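Reviewing the structure listed below.
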Amino acid sequence: MEATLNLAIANLTSPMILFFALGLAAALARSDLVVPEAIAKGLSLYLMMAIGFKGGASVAQHGVDATLLLSLLAGILLSALIPVLAFNALRLTTGLKTVDAAAIAAHYGSISIVTFLAMTTAIEGLGIAYEGYMVAVAAAMETPAIIVALWLVFRGKGEKSAGAEQTGSQFSPGLMREVLLNGSVVVLVGAFIIGMITGDDGLQSIAPFIVAPFKGVLCLFLLDMGLIAGRGLIGGARNLTAPIIAFGIYMPLIGGTLGLLAGAAIGLSTGGIALMTTLAASASYIAVPAAMRLALPEAQPAIYLTLSLGVTFPFNLTVGIPLYVAFSQMIA
Amino acid sequence: MEATLNLAIANLTSPMILFFALGLAAALARSDLVVPEAIAKGLSLYLMMAIGFKGGASVAQHGVDATLLLSLLAGILLSALIPVLAFNALRLTTGLKTVDAAAIAAHYGSISIVTFLAMTTAIEGLGIAYEGYMVAVAAAMETPAIIVALWLVFRGKGEKSAGAEQTGSQFSPGLMREVLLNGSVVVLVGAFIIGMITGDDGLQSIAPFIVAPFKGVLCLFLLDMGLIAGRGLIGGARNLTAPIIAFGIYMPLIGGTLGLLAGAAIGLSTGGIALMTTLAASASYIAVPAAMRLALPEAQPAIYLTLSLGVTFPFNLTVGIPLYVAFSQMIA
Amino acid sequence: MEATLNLAIANLTSPMILFFALGLAAALARSDLVVPEAIAKGLSLYLMMAIGFKGGASVAQHGVDATLLLSLLAGILLSALIPVLAFNALRLTTGLKTVDAAAIAAHYGSISIVTFLAMTTAIEGLGIAYEGYMVAVAAAMETPAIIVALWLVFRGKGEKSAGAEQTGSQFSPGLMREVLLNGSVVVLVGAFIIGMITGDDGLQSIAPFIVAPFKGVLCLFLLDMGLIAGRGLIGGARNLTAPIIAFGIYMPLIGGTLGLLAGAAIGLSTGGIALMTTLAASASYIAVPAAMRLALPEAQPAIYLTLSLGVTFPFNLTVGIPLYVAFSQMIA
Amino acid sequence: MKTFTKKRIDIMVEAPLLNRLIDLLERQEVGGYTVVPAIAGKGTSGTWHRDGQVGRVGAVVQIFCIVDESRVDAILKPIFEMVAKQIGIVTVSDVEVIRPENF
Amino acid sequence: MKTFTKKRIDIMVEAPLLNRLIDLLERQEVGGYTVVPAIAGKGTSGTWHRDGQVGRVGAVVQIFCIVDESRVDAILKPIFEMVAKQIGIVTVSDVEVIRPENF
Amino acid sequence: MKTFTKKRIDIMVEAPLLNRLIDLLERQEVGGYTVVPAIAGKGTSGTWHRDGQVGRVGAVVQIFCIVDESRVDAILKPIFEMVAKQIGIVTVSDVEVIRPENF
Ligand SMILES: Nc1ncnc2c1ncn2[C@@H]1O[C@H](COP(=O)(O)O)[C@@H](O)[C@H]1O
Ligand SMILES: Nc1ncnc2c1ncn2[C@@H]1O[C@H](COP(=O)(O)O)[C@@H](O)[C@H]1O
Ligand SMILES: Nc1ncnc2c1ncn2[C@@H]1O[C@H](COP(=O)(O)O)[C@@H](O)[C@H]1O
Ligand code: NA
Ligand code: NA
Ligand code: NA
């Protein structure tokens, strides 16, 4: 218990979380502070490249153990299962329409890569090792949730009553291609493969760029995430009812529990379990929203974006990370 | 004397100053070299974050000594006093209108954070220590000058003859809020507080990002400042008469002297005195011009911006820095 | 032979080349991955600044040997001679119009600085030393090719039949100024001079910015180059006939051979010869295309850009680099 | 100078839809189009700002397309159908061009 | 397609004034507006370039607003008052829209 | 509000030509102009995208210029001559301004 509390305090007083809080505070105080769009995209590219490469180099060094395939499979199953739970929870507890509930559900089945990055940084700081291929698991979990969520809307309704034609909802192979080949995933997976090919030599040669400054860059990026989350809350809070906000808190805990159990069942290391927990607990706010605007335009972005970015993301970052680490240490 | 000359030569042949000179030369030669706006903003964000954090971490390490409050107070007083001197000097020696004189005066009471950065880099290079909280003093000096300058315009005139209504001059609490919460100040002060909270541990964890490459980033930023100063001079030089240009040279010396005396009086270290001198000597070209466009739209930006950025900034960077260091060493 | 093969494999499996391949693959798979324009320009600025500075500092350290002037002269001659060869090769083997052939020829006389950077990184990795002033040679080779190519169009035709007036072709001193003072050249040469002035002390003070992360930044930049080359190929491939594509492969070999011989003749080190070979073999895709749009607007950019960026650049990067190193080692 | 009257169609649409809109314009075989950035805005769907986004959702881009008057209706119909259910607006205005053949 | 004529108000104004202008538009309860970037320009107050600024002073941004003809005058008056004493210009032009209710 | 009708000339031109076009406008002594970014586009010379360029070739920028009707022809002629042989298009439209003297 005390260990958990110490973890929590260490997390809350880490530069990472404090820069996020600074961004949040600046947004709520309506400061004009902005991180230019191009810089934010550049930082995100850097983070994807670094985390992917490091994961690949680590796989090259430690070899692929038997659990790699199991982890990928577990990730895909979690990504497909969580939306079903989330959808039903929303239908039971909130008055949201089918499309809105399904759109939100898709976010929670998918993942937040920044939450994943924050967790890797936290456990690295604690000296906890983890499987390098968890990066690949993260990539694999992006998409299944979207397919399941669209199925939740269209199943049994013969494509009609949900209003496919009239309302614009659509489920197209083009959409899947766009999601699978979106820039972030391509850099993440590409850098992972390059890391696997070039191994530790490659890593050493570019470590002063992708390893040494990583944590500092993440701080700057989290400052921006805080700004965006804060501004999202200012603009979108009135769209969130109490049951919806509650969902944004308990759903990561449900998802995280599933991730924790799955990670333990397939025999991941403590760090690996913590990351699997984090992936399952986190909610997307980049790939899934974009896909939802195309596939379910009648679902309200002000609800799903605000919930994922303004409620669940800060919750995972502040409360979730120490919690997931503590439980992973217990179960491992 | 010889020591001062050596200082001057070392300063003029430092990469920092040479990159500034390169930018200036490229602009005057009408090269198409540009640093994209987003990159310049990103670099500036980085510099604020780094200097703020380092200052805070240093305070965490060395504790707050009695002079912190005195330094803040001295800074605020200097920021309020210098505009009065500057205003009267301008009214006596130039034919500028009240609004133009007051707008310029506001710039000289406020500060240039890049000049401050250049000074910290110079004294660090010389192995001279300084108080980490001088960053907070810098932040505190941004705003008082603006209030005093507006008072110089509106005092005794009952808001009329200066033409508030007709000409658009206005002094609103909204304006003060905008200035106080402007992005740079928020990042500077926020990072300072984060540095204080996380202390040396926090600093170590992100030092490869905010400490190691700092000087190099500053060089790139100064290249851009050189470009902007040069282009400002090309466009704005015809707005500057000889007495105005002279003011751009002697005013930093007057302000600097006051800073030097104040720093010595409150018992700052040699580095602290040099920084206080620099803050008092430097003139704003970001926060104050923006505030002046809102509060005194009839004052001509081509005069105050060109003077601050094209005359005083290069003067402080090249001649000022070694001079202020030399005097600080004498007086300390 | 085996050594060459090992070199080739080492090159093809370096992070640098693999990131280029990733970009190429992403573009061909029509991923939406982009590096924002501002970031790409910022990275390019950084690379110019770093390579220029390092070159200058190396000259400051090792002194200017007798071959500096000879190297500059050789570079200028190569830049002027190669377009004549290229022009005649194109006229003989392809059905291209005079303006198109001349425009392409200008590209091959001029240089690609990124290919140069990749070569310096490759030989540094192999522990092969090179003359720091080769950076200056690179800068000197940018322009002569443009003048020669314009002469190829206008010679003997009295400015008429080539259609100067009617078609817009023009050869103006303004154009030369624009090319000579283009941003990249100014930063490259400026940083070179600053490096020479500040020497090793200067280099040490900003090495954590310009030396340590250099290779990693180059990887990110090459990712973008891969994207751009790939998208250029998708859009422009239909403009390239087989003889034109063949030219994009054999011309760097011809140019490279000349560079190799010139480098050996003037007594450069192995690394210097490899760089001279690379400069002669590489083709411009920034400065020359921009000049051609102004001077020869009727020449088709879809041909010269696609050829230089989509064919010759990848060829040099993948096959050229190990080849040129191998031959330089033999001849040195 | 002799000029010819054409119609300029201006479409503001949420960024994720841009590629589909471009595909639509290509299928309509318009002579050309241009995509223009926007920084911030407000409409019936609320307020947005470019520098306050992760990802593309929420941002709006502009695309305009100069076409012959005779083709306006044929082009406008599918555009309007696509944009109507999304965040975005469409306007049409008169412009004159010098060379009529390209539109 | 049936269209309805509206007015498009285009305002170019120095960047530091943007927030106040937006506040003004909100107070006028316009149906929407869009802020558009500009790179460089020249006017009676001289020349400016986006990449040559520290801070926002000197840069100019554009904002446009589509409104019903009946409201143009009411909206234009305070805008013009604000912009007149600052760096900036205002233009008005005709546009057609498909759904008239949002403006 | 009383307004005055002017002409707005919109020029889209490949980026390397921008400086020459600005020189031309300055020689024509126009009262002002504004350069506006574009992200992507398609025309008779093919497709381009801003984020897919090394260097400036291939990118297109926009520049517009509000002038008095009486001067349109004099200004349009050299512009058209310059742009005709390059990548780019020119359009002209009507706008109203409040202060007529600056154009
Ligand atoms: N009909 C059009 N509507 C809108 N923009 C156009 C049109 N035609 C050309 N453009 C723009 O002008 C650029 C150059 O046109 P072009 O010279 O025809 O290739 C294109 O890349 C587009 O950005
Ligand atoms: N009346 C208007 N004037 C100018 N821009 C508008 C207007 N209405 C909407 N927009 C722009 O179009 C976007 C989408 O509009 P809407 O679908 O109404 O939310 C807004 O965010 C604005 O950028
Ligand atoms: N005639 C014009 N045509 C196009 N843009 C203009 C014109 N006049 C002014 N502008 C733009 O509006 C800005 C401010 O104009 P001004 O207040 O006249 O300096 C200029 O910097 C230009 O960007
Ligand atoms: Na999840
Ligand atoms: Na000052
Ligand atoms: Na060459």
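What you see below is based on every heavy atom in this structure, not just the backbone, and it leaves out hydrogens, waters and symmetry mates. Worth saying up front: this structure is predicted, and the values here are computed from it rather than measured. Chain letters run A, B, ... following the sequence lines, proteins first, then strands; residues in each count from 1.
- One finds the CD atom of C:Q204 at 11.0 Å from the NZ atom of B:K215 (value rounded to the nearest 0.5 Å).
- Residue B:F214 does not touch chain C at all, counting heavy-atom pairs closer than 4.5 Å.
- A heavy-atom distance below 4.5 Å is not found between the side chains of B:C219 and C:F209.
- Proximity to chain C involves both the backbone and the side chain of B:P213, based on heavy atoms less than 4.5 angstrom apart.
- Contact of C:A191 with chain B is made through backbone and side chain together, with heavy-atom distances under 4.5 Å.
- Proximity to chain B (any heavy atom under 4.5 Å) is shown, for C:I210, by neither the backbone nor the side chain.
- Of all heavy-atom pairs between C:V186 and B:A26, the closest is CG1-CB, 3.7 Å.
- Note on C:T198, C:I194, C:L203: by heavy-atom pairs under 4.5 Å with chain B, the leading option is C:I194.
- Interface remark: B:T121 contributes no atoms to any contact with chain C (heavy atom separation under 4.5 Å).
- Smallest separation of non-hydrogen atoms from B:P15 and C:G202: CG-CA, 3.9 Å.
- Contact between B:L220 and C:M49 at its shortest, heavy atoms only, is CD1-SD, 3.8 Å.
- For C:I39, the parts lying near chain B are the backbone and the side chain together; criterion is any non-hydrogen pair under 4.5 Å.
- Note: C:I197 leads C:I197, C:D201, C:V185 in heavy-atom pairs under 4.5 Å with chain B.
- Ranked by heavy-atom pairs shorter than 4.5 Å toward chain C, the options B:L218, B:V217, B:T13 are led by B:V217.
- With chain B as partner, the option from C:L180, C:L181, C:L45 having the largest number of non-hydrogen pairs under 4.5 angstrom is C:L181.
- Of the atoms belonging to C:Y46, not a single heavy atom falls under 4.5 Å from chain B.
- Contact record, B:A29 with C:R177: O-NH2, 2.9 Å, taken as the closest heavy-atom pair.
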